**Q** 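Next up is a structure, given as structure tokens.
Note that the structure is a prediction, hence the values are computed from the model and not measured.
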Amino acid sequence: MDQVSDMRAFVQVVQRGSFSAAAEDLGLTPSAVSKLVSRLEDRLGVRLLHRTTRRLALTPEGETYLVRARDILTAIEDAETEVARASTTPRGKLRLNTGSAFMLHELAAALPDFLTRYPEIEIEITVTDRVDNLVENADVAICIGPIADRSLVARRFAATERGIYAAPRYLERRGIPQTPDDLAQHDCIVLSSVPSINHWPFRDGNAIRSFEAEGRLVVDDAEAALRLAVSGAGLVHLSDLLVGNAVRRGELVPLLTQHHMVEPIPISAVYPQGRHRMLKVRVFIDFLVARFADAPWRTRLDRPKAETPVTADSGTAED
């Protein structure tokens, strides 16, 4: 810091042509400025200025030092300006990890708005469904479900809920289950990658009971299970985040809504301690909250429920 102060005093003296004028600019006394320049000369071991009572003149060494000193001070000012500007203008590359479901069904459609709002931010996305190392090589990660790593900061910005869905073509063929007990007569699509999702919880008075889903179709990917359900392969137990668009298009309808127990699942922005100080991270998380806090995918489920038969004779499940 002393070196920069000495350098700045020397350059100011040369630019103003006197110690008194430089002192006024720097908020110092002329003698203090003279001491700074002398200390610089002592450290360098050369004379930078010829001092007379009438004028100051640069020595050859002073001329050489002046050119480099100006470059260095300009670089320092530029760095400070850039950092100060970055604190008020979000910019830079934002590295994001997110699961495939949220990316494909919601985030992909929302990101153009974010990029338009913040033109100086670039986003590098890694789509992964790994639950370990959530923020590996990332500034922020989007996670659905509980966060096991307590060293990370998690800000919940939305929630999703699971439900039971089927395609109209399946219900026309097999009938509509009216009670949880009817599920035993239906084809269920089993998701092997998330065993807990195959336990379908229902309210039974004040108690909760679980239906253990079984079926001939077992798949290890939720997106594949969704496509199978849309094709009419069977009943599926998935989050409204995944099925929202399919319901809106009439490709799936919710079932047993008056019996099924709602299980809110948090959706969180996860980041390492201290990373929220980066403006690009803060504005991205604020965008997620503003865009998804009201779970827009849930409004797509606002359709007539399949609680009455699709056709006059389809109320009873077939064998």
Side-chain angles (χ1 to χ4, degrees), residues 101-102 105-106 144-146 156 158-219 221-267 292 294-310 314-318:
F102 190 75
H105 292 272
E106 295 297 330
I144 299 178
R156 173 173 169 168
T160 181
E161 300 172 356
R162 291 181 183 139
I164 302 170
Y165 303 89
R169 71 182 74 178
Y170 172 87
L171 298 175
E172 290 172 1
R173 187 175 76 251
R174 299 294 306 273
I176 299 174
Q178 301 296 320
T179 69
D181 292 334
D182 294 340
L183 293 175
Q185 306 302 319
H186 282 266
D187 296 326
C188 299
I189 299 170
V190 179
L191 194 61
S192 62
S193 57
V194 188
S196 62
I197 208 172
N198 300 310
H199 301 280
W200 302 2
F202 294 97
R203 294 183 298 271
D204 188 1
N206 294 326
I208 298 171
R209 64 189 181 99
S210 178
F211 171 76
E212 184 79 22
E214 297 180 352
R216 293 180 297 159
L217 269 176
V218 180
V219 63
D221 179 79
E223 196 70 33
L226 171 62
R227 302 303 173 199
L228 287 167
V230 169
S231 71
L235 278 58
V236 70
H237 186 228
L238 290 175
S239 73
D240 49 12
L241 171 66
L242 269 74
V243 305
N245 286 320
V247 172
R248 178 178 54 81
R249 293 190 295 262
E251 297 171 341
L252 292 176
V253 293
L255 303 171
L256 298 173
T257 55
Q258 75 273 37
H259 298 287
H260 189 260
M261 189 186 74
V262 174
E263 302 172 283
I265 304 167
I267 307 177
F292 300 113
D294 60 350
W297 50 84
R298 200 158 300 139
T299 63
R300 300 170 199 148
L301 305 182
D302 188 18
R303 297 175 57 87
K305 307 297 188 294
E307 306 299 350
T308 56
V310 175
S314 61
T316 304
E318 297 176 0

**Q** Side chain to side chain contact (heavy atoms under 4.5 Å, CB included) with S192: which residues, sequence neighbours excluded?
**A**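 By the side chain to side chain contact (heavy atoms under 4.5 Å, CB included) rule, S192 matches V218, D220.
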**Q** How far does CG of L256 sit from CD of Q258, to the nearest 0.5 angstrom?
**A**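 L256 CG to Q258 CD: 6.0 Å, rounded to 0.5 Å.
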**Q** For R169, enumerate each residue passing the side chain to side chain contact (heavy atoms under 4.5 Å, CB included) test, keeping only those at least two apart in sequence or located in another chain.
**A**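 A167.
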**Q** Partners of Y170 by ring pair (Phe, Tyr, Trp, His ring centres under 6.0 Å), sequence neighbours excluded?
**A** H186
**Q** With sequence neighbours left out, write down each residue that passes salt bridge (Lys or Arg N to Asp or Glu O under 4.0 Å) with D181, or none if nothing qualifies.
**A** R209
**Q** Could you give the distance from CD (E263) to OG (S239), rounded to the nearest 0.5 Å?
**A** 11.5 Å
**Q** Say you draw a straight line from CD of E106 to CG of N245; how long is it, rounded to the nearest 0.5 Å?
**A**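 Answer for the CD-CG pair, E106 versus N245, is 6.5 Å.
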**Q** Has the side chain of R174 got a donor or acceptor atom that lies under 3.5 Å from a matching backbone atom of Q185?
**A** yes
**Q** Just to verify, what does N198 make a side chain to side chain donor-acceptor pair (under 3.5 Å) with, not counting sequence neighbours?
**A** none
**Q** Please list all pairs meeting ring-ring contact (aromatic ring centres under 6.0 Å, His included) that have one or both residues in residues 238-259, counting only residues at least two apart or in different chains.
**A** none
**Q** Kindly write out the residues that satisfy side chain to side chain contact (heavy atoms under 4.5 Å, CB included) with V219, not counting sequence neighbours, or none if the list is empty.
**A**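 Only I189, L191, A224, A225, L228 meet the side chain to side chain contact (heavy atoms under 4.5 Å, CB included) criterion with V219.
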**Q** List the residues meeting side chain to side chain contact (heavy atoms under 4.5 Å, CB included) with H260, not counting sequence neighbours, and say none if there are none.
**A**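 Counting only residues at least two positions away or on another chain, H260 forms a side chain to side chain contact (heavy atoms under 4.5 Å, CB included) with I164, P201, F202, H237.
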**Q** Identify the heavy atoms of P146 and P266 that sit nearest to each other, and give their distance.
**A**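 Nearest pair, atom of P146 first, then P266: N-CG, 4.4 Å.
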**Q** Supply the atom-to-atom distance L171 CG to Y165 OH, rounded to the nearest 0.5 angstrom.
**A**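 L171 CG to Y165 OH: 13.5 Å, rounded to 0.5 Å.
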**Q** Given V243 and L226, is the side-chain contact (heavy atoms from CB on, under 4.5 Å) satisfied, shown in steps?
**A** CA-CA 7 Å; V243 305; L226 171 62; 4.0 Å; yes
**Q** What are the two closest non-hydrogen atoms of A159 and R156, and how far apart are they?
**A** CB-NH2, 3.2 Å
**Q** With rounding to the nearest 0.5 Å, note down the distance linking CZ in R173 to CG in D187.
**A**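 Spacing of CZ (R173) from CG (D187) equals 7.0 Å.
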**Q** How far apart are the closest heavy atoms of A222 and L238, and which atoms are they?
**A**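 Heavy atoms of A222 and L238 come nearest at O-CD1, 4.0 Å.
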**Q** To the nearest 0.5 Å, what is the distance between OG1 on T160 and CZ on F292?
**A** 12.5 Å
**Q** Which heavy atom in A184 sits nearest to a heavy atom in F211, and how many Å separate them?
**A**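 For A184 and F211, the tightest heavy-atom pair comes out as N-CE1, 4.0 Å.
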**Q** Going by salt bridge (Lys or Arg N to Asp or Glu O under 4.0 Å), name the pairs with one or both residues in residues 224-237, residues two or more places apart or in two chains.
**A** E223-R227
**Q** Identify the heavy atoms of V190 and G215 that sit nearest to each other, and give their distance.
**A**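 Reported closest heavy-atom pair: CG2-N, 3.6 Å.
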**Q** Quick check: do I144 and L241 have side-chain heavy atoms less than 4.5 Å from each other?
**A**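 Yes; the side chains approach each other to less than 4.5 Å.
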**Q** Can you list everything that forms a salt bridge (Lys or Arg N to Asp or Glu O under 4.0 Å) with E212? Sequence neighbours excluded, please.
**A** none
